[in-house]
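First up is the structure itself, then whatever we jot down about it.
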2 protein chains.
Amino acid sequence: MKVKEVADLVGISVRTLHHYDEIGLLTPEEITDAGYRLYSDENLEVLQQILFLKELGFPLKQIKTMLDSPDYDRNEALAMQRRMLLDKRAQLDQMIATLDKTILHNRGEIEMTNKEKFQGFNFSSHNPYEQEARERWGDKKVDESNAKWAGMSEKEQQDLGAAMNAIYFKLAALRHGSPESPEAQEAIKEWYEFLNRMGSYSLEAFSGLGQMYVDDERFTKNIDQFGEGLAVFMRDAMAYYAAYNN
Amino acid sequence: MKVKEVADLVGISVRTLHHYDEIGLLTPEEITDAGYRLYSDENLEVLQQILFLKELGFPLKQIKTMLDSPDYDRNEALAMQRRMLLDKRAQLDQMIATLDKTILHNRGEIEMTNKEKFQGFNFSSHNPYEQEARERWGDKKVDESNAKWAGMSEKEQQDLGAAMNAIYFKLAALRHGSPESPEAQEAIKEWYEFLNRMGSYSLEAFSGLGQMYVDDERFTKNIDQFGEGLAVFMRDAMAYYAAYNN
DNA sequence: ATTGACTCTCACGTTGCGTTATACTTTATA
DNA sequence: TATAAAGTATAACGCAACGTGAGAGTCAAT
């Protein structure tokens with residue numbers, strides 16, 4: 001398929017396809033003698049992945065990094081994308097609810113706090129683990145973490161969300177190997193460093209958090225969406241990392 | 001409220017608020033002697049509108065034009081935004097359905113056409129009026145219009161959608177006056193020119209289309225979402241325009 | 001053979017901020 | 001009360017992701 005055919009089929013521009021080729025994100029299967037790009041069905045399947053991830057706010061560089069990874073599993077990616085699309089739909093639902101309340105507010109039928117007026121504009125939805133986190137680490141650490149989150153722009157929040165997912169991806173791809181392998185330890189180190197951008201975790205607290213991933217089935221359920229058994233794998237990797245990095 | 005307070009409440013950056021001030025989109029109610037920006041509750045309500053419209057893909061320049069318009073009615077705007085958010089949610093639903101099919105396809109359980117793989121990535125959903133349009137204007141005109149639409153990038157399609165909505169807004173604001181007033185005629189002229197970017201309408205066809213807006217209750221229902229009685233107003237404005245612009 | 005549509009590369013422009021630097025102001029802490 | 005930290009201002013460069021236009025070659029339709 002030539003560029004215009006692909007562009008029309010998908011609903012993007014020819015320039016977009018050129019750009020994706022230029023940055024190495026989507027390289028046509030074949031180039032004719034005249035230099036024309038020919039796209040294969042496989043190219044289209046990759047393009048579909050790109051558009052899903054793009055819709056979810058991932059920057060193209062990060063999409064390329066994901067797709068180029070030898071550990072990238074398309075079916076696991078689809079499962080993750082599905083969850084994120086559901087999250088995004090839930091965010092839209094919340095925005096619609098906020099809009100409905102705003103209409104009633106404008107009619108004088110209800111009062112809205114300023115906070116209520118902006119429900120749904122970012123993913124700062126209630127963290128269901130916050131109560132447990134407070135019990136385990138105290139109010140100060142949670143408030144500190146929340147303050148950091150709240151002090152970020154939407155872009156920063158999205159980037160963090162995407163970075164977090166990228167780490168989950170990487171760990172999921174490694175989970176069939178040993179949690180003590182250099183690759184696994186490298187990836188879990190990224191997780192440790194990532195967490196320390198939000199709060200401040202000692203190695204001991206890090207290991208304890210890993211145990212929580214398994215003890216608390218809500219954590220387990222969320223994490224295992226990225227790959228069955230990932231929560232256990234992460235716990236073991238985190239315990240090993242904590243033991244051997246002090 | 002100072003910038004950081006607003007930024008934290010809303011989940012945007014301080015830089016964003018500065019930018020909106022710079023371009024005249026959101027001007028703080030008050031500036032202190034030190035030059036600090038102070039935002040009022042009214043500013044926050046405007047900011048909410050901005051964020052709704054931004055989420056719907058309107059460029060900031062266009063948002064500013066809308067908000068600055070003396071005809072801008074916030075409640076009508078909210079109704080329109082609600083509809084567009086519902087449309088966007090429907091698009092996400094379609095993307096999720098596409099993703100689900102993709103998962104089955106990857107398992108070998110179903111086959112997907114290339115077209116099916118990209119359902120939901122743009123708003124090229126089936127136009128329910130297409131059948132009637134074919135009957136009234138023939139296959140050639142509809143194919144031509146569809147081909148033009150399909151040949152556009154997502155950005156162009158979104159811009160057109162936004163431009164279309166902006167015209168509807170303008171007309172809705174004018175509908176309590178005479179359809180023959182210069183303002184109404186100017187706005188309906190924009191509609192005429194807009195339609196001619198998609199197809200090619202004679203003045204006679206334009207007037208006939210206006211009549212259809214009233215005769216066909218699905219048209220009426222869609223158009224009147226922008227303002228009760230707008231379909232009738234447009235029909236009359238279109239008839240007058242057609243009669244006096246040949 | 002000619003024309004129209006499609007394709008290529010190149011390069012500048014646009015939008016909406018992010019980021020950094022520098023300096024002033026306000027608030028919290030010792 | 002003095003000092004440090006946090007918050008505020010403006011200015012300006014940088015970035016991502018294309019859009020847009022120009023010029024030229026290629027392919028398909030007439």
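Chain identifiers are assigned alphabetically (A, B, ...) following the order of the sequence lines, protein sequences preceding nucleic acid strands; residue numbering begins at 1 within each chain. Only a predicted model underlies this, so the values are computations on that prediction, with no experimental measurement involved.
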Can you tell me the distance, in whole Å, between the CG atom of B:Asp21 and the P atom of D:dT8? 14 Å

Separation of atom CZ in B:Phe58 from atom P in C:dT15, rounded to whole Å: 17 Å

Might you point out which heavy atoms bring A:Gln49 and A:Ala77 nearest each other, and give the distance in Å? OE1-CB, 3.8 Å

Between C1' of D:dA9 and NE2 of B:His19, the distance in whole Å: 17 Å

Nearest to the side chain of B:Ala34 - C:dT25, D:dC18, C:dG16? C:dT25

Rounded to the nearest angstrom, tell me the gap between atom CG in A:Leu17 and atom P in C:dC6. 15 Å

Tell me the interatomic distance from B:Lys4, atom NZ, to C:dT27, atom P, rounded to whole angstroms. 15 Å

Of the nucleotides C:dC6, C:dT9, D:dT8, which one has an atom closest to the side chain of A:Tyr36? C:dC6

Shortest non-hydrogen contact from B:Leu60 to B:Lys54? CD2-CD, 4.2 Å

What is the distance from atom CE of A:Met1 to atom CG of A:Asn43, rounded to the nearest 0.5 Å? 11.0 Å

How many angstroms lie between atom OG1 of A:Thr98 and atom CE of A:Met112, to the nearest 0.5 angstrom? 5.5 Å

Using heavy-atom distances to pick each residue's nearest nucleotide on DNA chain C, tell me which of A:Glu22 and B:Lys2 is more 5'. A:Glu22

In this structure, how many angstroms lie between the C1' atom of C:dG13 and the NZ atom of B:Lys61, rounded? 11 Å

May I ask you to evaluate whether A:His18 reaches the phosphate of C:dC8, defined as a side-chain N or O under 4.0 Å from OP1 or OP2? yes

Over all atoms of both residues, closest heavy-atom pair of A:Glu183 and A:Leu174: O-CD1, 3.7 Å

With the threshold set at under 4.0 Å for non-hydrogen atoms, list the residues of residues 23-33 of chain A touching DNA chain C in residue-number order. none

Quick check on C:dC17: is either OP1 or OP2 less than 4.0 Å from any side-chain nitrogen or oxygen of B:Tyr20? yes

With A:Tyr39 via ring-ring contact (aromatic ring centres under 6.0 Å, His included) - residues at least two apart: none

Determine the minimum heavy-atom distance between B:Glu55 and B:Lys88, stating which atoms define it. O-NZ, 2.8 Å

Side-chain N or O of A:Ser13 versus OP1/OP2 of D:dA17: is the shortest distance under 4.0 Å? no

Could you give the CD-to-C1' distance, from B:Glu55 to C:dG16, as a whole number of Å? 15 Å

Rounded to whole Å, the CG-C1' distance (A:Asp8 to C:dA5) equals 12 Å

Side chain of A:Leu60 only, please: which of D:dT26, D:dA9, D:dC18 is the nearest? D:dC18

Phosphate contact (D:dT20 OP1 or OP2) by A:Arg15 side-chain N/O below 4.0 Å: no

